[in-house]
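Below is one structure, written out as structure tokens; comments come after it.
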Amino acid sequence: MSCGCASYGSVDGVDNLWRDVPVEQFQKGVTTQADVLELLGPPSQLINLHEETVFYYLTARTSGQGKIFILWNQVSAESEYDRAIFFFNTAGILQELAYSKEQIER
Amino acid sequence: MKRLRPLILVLMATGLVSACAHLEHDLGKPLPLDAASSFSDDSHYRDVLEKLGPPTKMSALSDGMAFQYERVKLTERQYGLILPGNIGKWIKAVYASADADVEAMLFIFDEKGKLRGADAESWSSDAGAGFSVTLIFSAGSFTDTEQYERSATQSLNWGLALIEPPLTALNRNQDLESGANGLQLTTNSIGIGQHTLELKK
């Protein structure tokens, strides 16, 4: 009955290096923008919040599979997102940070 | 879609529906929508980050900032119809219809990072329909769901702005994807609101 099947996948964005760095390694009031850049590389987005600057890191992975039958075909895909965000004050010192609950294995 | 169900049932009963296909695309994990009401007026944006993690989108506002969390699930159904004659052995006509299940949460903060307002909603909408004639063994999308599936990393393509059509380029300073001018839902049409200035269809 089975006529064919397929699977596919792709990864977008930056390498999610933050999954190798425990959150505790970044200290609010101490860690600088330079420290974060050295550990994680350039962010996906750099956002200007007037009084703060945000480094926004994003990795997106899409994977899917298809089953081709004679009378019934099915294609399913899933996109997963892994994010990290860092807020710095005007002096470039870390104020807040967070990793997404959803994560992509490295 | 509901209006077409009787017609599809009639076609199936008369043997004119030759095959069906089901396509799904999950864009992100389901959101904890109840969490939006668990924050108080004294909540700081760090509380939201701790509970929900980084937002899907964020933007600076003239007097603060906004976080937006989104999740979309697309479901497309296809019905193959038998074409008359020998051509029907190799070619099928396909009607497709898609729905989008959307979840969204929005948090607005003042200049001190205190929560000013929050809300969560979920809804389903008709994501479009299409008709195609194709090879009998194929399964691809025939509906236009591009606005739902735009890559979350599209903002990395900022250099492409240099070669955009003039009206789009002139509207760049009000871009709702830059993080500096506000937010819009991913599910928005490309030709409404702020984008009407770009004269897109």
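Every chain is numbered from 1, with letters handed out A, B, ... down the list of sequences. For clarity, every value in this text was computed on a predicted model and none was experimentally measured.
Within the 4.5 Å cutoff, no side-chain heavy atoms of B:Pro54 are placed close to those of A:Leu58. Side-chain atoms of A:Val75 and B:His25, non-hydrogen and from C-beta on, never get closer than 4.5 Å to each other. Side-chain contact between B:Met58 and A:Leu49 is present, with at least one heavy-atom pair separated by less than 4.5 Å. Proximity of A:Glu78 to B:Lys73: side-chain heavy atoms (C-beta onward) are nowhere separated by under 4.5 Å.
Here B:Asp26 is the residue among B:Asp26, B:Leu52, B:Thr75, B:Leu49 with the most heavy-atom pairs under 4.5 Å with chain A. For the set A:Gly64, A:Ser76, A:Ala77, the entry with the most heavy-atom pairs within less than 4.5 Å of chain B is A:Ala77.
Contact of B:Lys112 with chain A is not made at all, since no heavy-atom distance falls under 4.5 Å. Residue A:Ala84 touches chain B through its backbone alone, counting heavy-atom pairs closer than 4.5 Å. Contacts between A:Phe87 and chain B at a heavy-atom distance below 4.5 Å involve the side chain alone, from C-beta outward.
Applying the salt bridge (Lys or Arg N to Asp or Glu O under 4.0 Å) criterion to B:Glu50, with sequence neighbours excluded, gives no partner residue.
A donor-acceptor pair is defined here as one N or O able to donate and one able to accept, closer than 3.5 Å; such a pair exists between the side chain of A:Tyr56 and the backbone of B:Pro55.
Rounded to the nearest 0.5 Å, atoms CD (B:Glu24) and CD (A:Gln74) are 7.0 Å apart. With rounding to the nearest 0.5 angstrom, the CD atom of A:Gln45 is 10.0 Å from the NZ atom of B:Lys57. Note: B:Leu23 CG to A:Asn73 CG = 8.5 Å, rounded to the nearest 0.5 Å. Here A:Lys28 contributes atom NZ and B:Arg46 contributes atom CZ; the two are 6.0 Å apart, rounded to the nearest 0.5 Å.
The nearest pair of heavy atoms linking B:Lys51 to A:Lys101 is O-CE, 3.2 Å.
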